[in-house]
Amino acid sequence: DRVAGKDGEFCALELDDGSLGLGFVLLGDTLQRLSESPDRLGLVGADAMAVARRFLEPAGIGRTLGFTAVAALTRRLFDKAGYVPPGSADSVGMMRPEAGDHVGMVGHFTPLVPRVVAAGARLTVVELRADLAGEKDGYRVTLDPAELAGCNKVLATSSMLLNDTLDRILACCGNAKNIAVVGPGAGCLPDPLFARGVTFIGGNWILDPAGFIDALRCGRAWTGVARKSAIGPRDYPGFVT
């Protein structure tokens, strides 16, 4: 297994067959722990399933590594099954915001805000940081996920899968017809998310594992070594045990 960092945001874990999984590292002291002792985490030669089970741990480095192993195992399964998710050029989860929409955004996707606002849609952003809360230029930032109840479309960060907010957020999205979970960390099997009402999962599909690891270590852009992927219930064959 191999762990590396990119711009302080993501790590990658490599299985013995070259399958890679990505994980978000900006929760708690995960980044610090990875930076201080990546070679002392007991990953090299470890059983991948044993590492994946650490996702059951409380929030922290163990949970992050566990979920990253889940993502790597998911990629291995997809490759063995011959499943390649469609590509996606849509950064807003195929939602096509329009006038009259009330879009909920879980996590402040700063580059996407102007696009939603320019479309004439009402935008409510749910954040954990109190310093960001309040009325902004054309949209609102709140700390209360209950405000998602009025949204017909929701775009959520994949970091929800790590910080124990997933179920709470989805419970507030009962009126949303479209719920997208997006981000490089959205690499798990989508079946449980679809079962909870998620309609779109946007992640990153690694094209060149060796080139990707090199780019990750050097902090370079992933252009040419990975592409954005899009998985929806209609085009996903499903996992059968």
Side-chain angles (χ1 to χ4, degrees), residues 10 19-24 52 55 67-68 70-107 109 111-113 115-116 119-126 145 148-162 165-207 222 225-241:
F10 294 94
S19 300
L20 290 177
L22 303 181
F24 186 65
F55 180 53
F67 187 77
T68 309
V70 168
L73 288 166
T74 299
R75 176 56 189 262
R76 173 182 281 186
L77 175 63
F78 282 176
D79 287 345
K80 286 184 176 294
Y83 174 70
V84 179
S88 173
D90 188 342
S91 56
V92 291
M94 304 293 190
M95 287 190 176
R96 301 180 182 87
E98 301 173 345
D101 284 336
H102 185 179
V103 176
M105 188 176 286
V106 182
F109 293 83
L112 305 184
V113 168
R115 177 176 171 182
V116 176
R122 179 182 173 190
L123 175 62
T124 299
V125 179
V126 176
L148 294 171
C151 299
N152 65 313
K153 298 178 180 179
V154 175
L155 179 70
T157 172
S158 59
S159 62
M160 292 191 308
L161 302 171
L162 283 176
T165 61
L166 175 67
D167 289 335
R168 182 185 178 199
I169 292 295
L170 293 182
C172 297
C173 299
N175 293 316
K177 294 182 178 179
N178 301 91
I179 303 174
V181 175
V182 300
C188 61
L189 281 172
D191 306 69
L193 295 176
F194 292 155
R196 286 173 168 83
V198 173
T199 58
F200 178 92
I201 298 174
N204 286 72
W205 185 259
I206 296 172
L207 304 169
W222 300 350
V225 295
R227 64 166 173 78
K228 293 186 182 299
S229 63
I231 303 178
R234 293 182 180 178
D235 53 39
Y236 174 66
F239 175 72
V240 179
T241 56

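Just so you know, these numbers use all the heavy atoms, side chains as well, and skip hydrogens, waters and symmetry mates.
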Item to check | Smallest separation among heavy atoms of S158 and P184, with atom names | outcome: OG-N, 4.4 Å
Item to check | Residue among L73, L77, I231 satisfying side-chain contact (heavy atoms from CB on, under 4.5 Å) with L189 | outcome: L77
Checklist entry - What distance do K153 atom NZ and I179 atom CD1 have between them, rounded to the nearest 0.5 Å? => result 13.0 Å
Checklist entry - A119 and P97: which non-hydrogen atoms are nearest, and at how many Å? => result CB-O, 3.2 Å
Checklist entry - How far apart are the C-alpha atoms of F24 and T157, what are their side-chain angles, what is the distance that settles it, and do they pass the side-chain contact (heavy atoms from CB on, under 4.5 Å) test? => result CA-CA 11 Å; F24 186 65; T157 172; over 6 Å; no
Checklist entry - Rounded to the nearest 0.5 Å, how far apart are CG of N178 and CZ of R96? => result 9.5 Å
Next on the checklist: Pair D235, Y83 - check side-chain contact (heavy atoms from CB on, under 4.5 Å), show working.
Outcome noted: CA-CA 10 Å; D235 53 39; Y83 174 70; 4.3 Å; yes
Checklist entry - Can L155 and F200 be said to form a side-chain contact (heavy atoms from CB on, under 4.5 Å), step by step? => result CA-CA 9 Å; L155 179 70; F200 178 92; over 6 Å; no
Checklist entry - Which pairs pass salt bridge (Lys or Arg N to Asp or Glu O under 4.0 Å) with one or both residues in residues 73-82, sequence neighbours excluded? => result D16-R76, D17-R76, R75-D79
Checklist entry - Going from CZ on R122 to SG on C151, what distance comes out if it is rounded to the nearest 0.5 angstrom? => result 7.5 Å
Checklist entry - According to the salt bridge (Lys or Arg N to Asp or Glu O under 4.0 Å) rule, which pairs have a member within residues 165-182, sequence neighbours left out? => result D167-R196
Item to check | Gap separating the SG atom of C188 from the CZ atom of F55, nearest 0.5 angstrom | outcome: 7.5 Å
Next on the checklist: For W222 and F10, take the angle between the two ring planes, folded into 0 to 90°, and tell me which bin it lands in: parallel under 30, tilted 30 to 60, perpendicular over 60.
Outcome noted: perpendicular
Item to check | Intermediate values then yes/no, side-chain contact (heavy atoms from CB on, under 4.5 Å), I201 and F194 | outcome: CA-CA 9 Å; I201 298 174; F194 292 155; 4.0 Å; yes
Item to check | Beyond-backbone contact of D101 with V116, side-chain heavy atoms, under 4.5 angstrom | outcome: no
Checklist entry - For V70 and A52, which heavy atoms make the closest approach, and how far apart are they? => result CG2-CB, 3.8 Å
Next on the checklist: What's the separation between atom OG1 in T68 and atom CG in L20, rounded to the nearest 0.5 Å?
Outcome noted: 11.0 Å
Next on the checklist: Just verifying a value: how many Å separate N175 CG and N152 CG, rounded to the nearest 0.5 Å?
Outcome noted: 9.0 Å
